[in-house]
J.: 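Can you keep this structure in mind? I'll have questions shortly.
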2 protein chains.
Amino acid sequence: MSISDTKEKILDAAEYLFARRGFHNTSLRAITSRAGVNLAAVNYHFGSKDALLEAVFQRRLVPLNRIRRDNLEAVRETARREGRRPAVDEALRAFIEPTLAFRKSGTGAEDFITLVARSMSDPEDTVRDVFIRHIAPLFHLLFETLCEALPELTPDTVFWRLQFVIGAMGHVICMTGKNYKYALPAGVTPVDDVESLTALLIDFAATGLERP
Amino acid sequence: MSISDTKEKILDAAEYLFARRGFHNTSLRAITSRAGVNLAAVNYHFGSKDALLEAVFQRRLVPLNRIRRDNLEAVRETARREGRRPAVDEALRAFIEPTLAFRKSGTGAEDFITLVARSMSDPEDTVRDVFIRHIAPLFHLLFETLCEALPELTPDTVFWRLQFVIGAMGHVICMTGKNYKYALPAGVTPVDDVESLTALLIDFAATGLERP
DNA sequence: GTCTATAGATTGATAGAC
DNA sequence: GTCTATCAATCTATAGAC
């Protein structure tokens, strides 16, 4: 078995279990058992459990962040070329759409995005720090773009409204995750359709952000 | 030392530590050590660690839910008497204001509301189930009130927009918690003022909910 | 690179003296 | 009700054979 094969198996199993049970509540035994590899393989290939978490984030978040960054910069560039300010809904879409799209990827990425959303409010510093470290530069770019799009608002207002949007997105990601149970009120049909939910969120968020 | 004294001490310590480190990551030894009581006291007074979590929720969530329920029913009653529909921002305020007010209570309730917000997306079923069990009836009442306030929207739309609001509120509760670190962008001043943040959230949420 | 075996520490829970 | 002492299970990490 080649090196990368075992590493990939471990990453897949860790992603699956971290998302469903949490980092601290997932043992290396559970990971290696699910991956079908030896217990000692994690420490051989990654060094420690913490380093494994970092590797799980790295594998998917680096490509995802590249997409989100390219999208955001395209929105700014287009607006600049057309001599107008970037549109709020375009900026939000550049960030939100590729994020929620993980849900319909059909690969283990579905689990990954749940892991990221949960990491945002994880009580453990270890986990939350990994999240913040990976997301901070991108969040900053989104914030700047929205400030350009909404020059009549104070940066403070834009900042907190953006936090509301981040919170809303994180929550629906958790809710639509595999092991989240909630009782739908009578008359409400479950929305399995990622595109509809994305559109609903972007409309809601843009309307709230643009309030005078 | 009386019975209730020891029980209260344990509840205070558990609340503090569960909020900051998470349920699974907090040992009974850490709790009893902080409370200044014997290790065996938790199992004597509460039966198990799970039962202790339930008691921590009970102590503060029962009174809080009574306030939120009374507020919501007052909003409906006033609207009915005046022959109009309930206002969206009034309904939101009835729910959000007493929740965020925990932050400035000066007691351990500050920690408690962080614990609740984090429980919403906790990876462990044990924790999330306690949250859902306590919040479900109240969420249902808020949902119904908003459906009355927004009869031109489908229940599906109201449901998901309300979820966005819940997510936004939970996220700012986590963010303003004691041990949450984040880098403020240049030009943004930290908002310590709970009232301002509450108003900002209600305005944002009402605007998004009322979108046609 | 993969495996077994185990060290070393921590956990929730309980038995039994006082 | 409170305490000490301890059990049995779990955990991460590593040493060393193959």
Side-chain angles (χ1 to χ4, degrees), chain A residues 1-59 115 119 122-130, chain B residues 1-59 115 119 122-130:
Chain A
M1 183 183 301
S2 77
I3 301 172
S4 58
D5 223 34
T6 296
K7 284 186 89 162
E8 289 287 316
K9 280 186 192 172
I10 292 172
L11 287 170
D12 288 343
E15 174 171 83
Y16 178 94
L17 292 169
F18 287 164
R20 280 175 167 73
R21 305 185 193 171
F23 175 69
H24 195 91
N25 204 21
T26 299
S27 66
L28 293 182
R29 280 170 179 79
I31 294 168
T32 52
S33 162
R34 183 179 170 82
V37 303
N38 189 271
L39 170 63
V42 169
N43 278 282
Y44 177 79
H45 286 288
F46 297 95
S48 71
K49 194 185 174 186
D50 282 5
L52 172 59
L53 179 67
E54 174 68 29
V56 168
F57 266 77
Q58 282 267 352
R59 179 172 63 154
L115 170 62
S119 302
D122 198 284
E124 286 191 71
D125 292 341
T126 316
V127 178
R128 225 168 48 251
D129 286 352
V130 175
Chain B
M1 185 182 300
S2 77
I3 302 172
S4 58
D5 224 35
T6 297
K7 284 186 87 163
E8 289 288 317
K9 281 187 193 172
I10 292 173
L11 287 170
D12 288 342
E15 177 172 82
Y16 179 93
L17 291 168
F18 287 164
R20 281 174 164 73
R21 306 186 193 170
F23 175 71
H24 195 91
N25 205 20
T26 299
S27 67
L28 293 182
R29 281 167 180 79
I31 293 168
T32 52
S33 162
R34 182 179 172 82
V37 303
N38 189 270
L39 168 63
V42 169
N43 278 281
Y44 177 78
H45 286 288
F46 297 96
S48 72
K49 192 185 175 186
D50 282 6
L52 172 59
L53 178 67
E54 174 67 29
V56 168
F57 266 77
Q58 283 267 352
R59 179 172 64 154
L115 170 62
S119 301
D122 197 284
E124 285 190 71
D125 292 340
T126 316
V127 179
R128 224 170 47 249
D129 287 352
V130 175

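Just so we're on the same page: letters track the sequence lines, and every chain starts at 1.
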J.: Taking all atoms of both residues into account, what is the closest heavy-atom pair of A:Phe18 and A:Lys49, and its distance?
T.: CE2-CE, 4.4 Å

J.: Tell me the interatomic distance from A:Leu28, atom CG, to D:dC11, atom C1', rounded to whole angstroms.
T.: 8 Å

J.: Identify the residue among A:Arg34, A:Lys7, A:Arg59 that makes a side chain to side chain donor-acceptor pair (under 3.5 Å) with A:Asp12.
T.: A:Arg59

J.: For residues B:Pro123 and A:Gly22, report the shortest heavy-atom separation together with the two atoms involved.
T.: CB-N, 3.3 Å

J.: Quick one: list whatever passes salt bridge (Lys or Arg N to Asp or Glu O under 4.0 Å) with B:Asp125, sequence neighbours left out.
T.: B:Arg128

J.: Tabulated below should be each protein N or O lying under 3.5 Å from an N or O of nucleotides 4-8 of chain D; please produce it.
T.:
unit_1: D:dT4; atom_1: OP2; unit_2: B:Asn38; atom_2: ND2; d: 3.3

J.: Provide, to the nearest angstrom, the distance between the CZ atom belonging to B:Phe46 and the P atom belonging to C:dT14.
T.: 16 Å

J.: Heavy atoms within less than 4.0 Å of DNA chain D: which residues of residues 13-25 of chain B have one? Give them sorted by number.
T.: none

J.: Distance check needed: D:dT14 P versus A:His45 NE2, whole Å only.
T.: 15 Å

J.: A side-chain contact here means heavy atoms from C-beta on lying under 4.5 Å apart; do B:Phe57 and B:Leu115 qualify?
T.: yes

J.: Apply side-chain contact (heavy atoms from CB on, under 4.5 Å) to A:Phe46 and A:Glu54, showing your working.
T.: CA-CA 9 Å; A:Phe46 297 95; A:Glu54 174 68 29; over 6 Å; no

J.: For residues B:Ser119 and B:Val127, report the shortest heavy-atom separation together with the two atoms involved.
T.: OG-CG1, 3.5 Å

J.: Base, sugar-phosphate or nothing for A:Thr32? Non-hydrogen atoms, less than 4.0 Å.
T.: nothing

J.: Nearest-Å distance, CG (B:Asn43) to P (D:dC3)?
T.: 15 Å

J.: Take A:Thr126 and A:Val130, measure what side-chain contact (heavy atoms from CB on, under 4.5 Å) needs, and give me the verdict at the end.
T.: CA-CA 7 Å; A:Thr126 316; A:Val130 175; 5.5 Å; no

J.: Does C:dT2 have OP1 or OP2 under 4.0 Å away from a side-chain N or O of A:Thr6?
T.: yes

J.: Under the side-chain contact (heavy atoms from CB on, under 4.5 Å) criterion, do A:Asn25 and B:Asn25 qualify, and how do the steps go?
T.: CA-CA 8 Å; A:Asn25 204 21; B:Asn25 205 20; over 6 Å; no

J.: Taking only side-chain N and O atoms of B:Ser27, does any of them lie within less than 4.0 angstrom of OP1 or OP2 on C:dT10?
T.: no

J.: Please report the distance, rounded to the nearest Å, between OH in B:Tyr44 and C1' in C:dC18.
T.: 14 Å

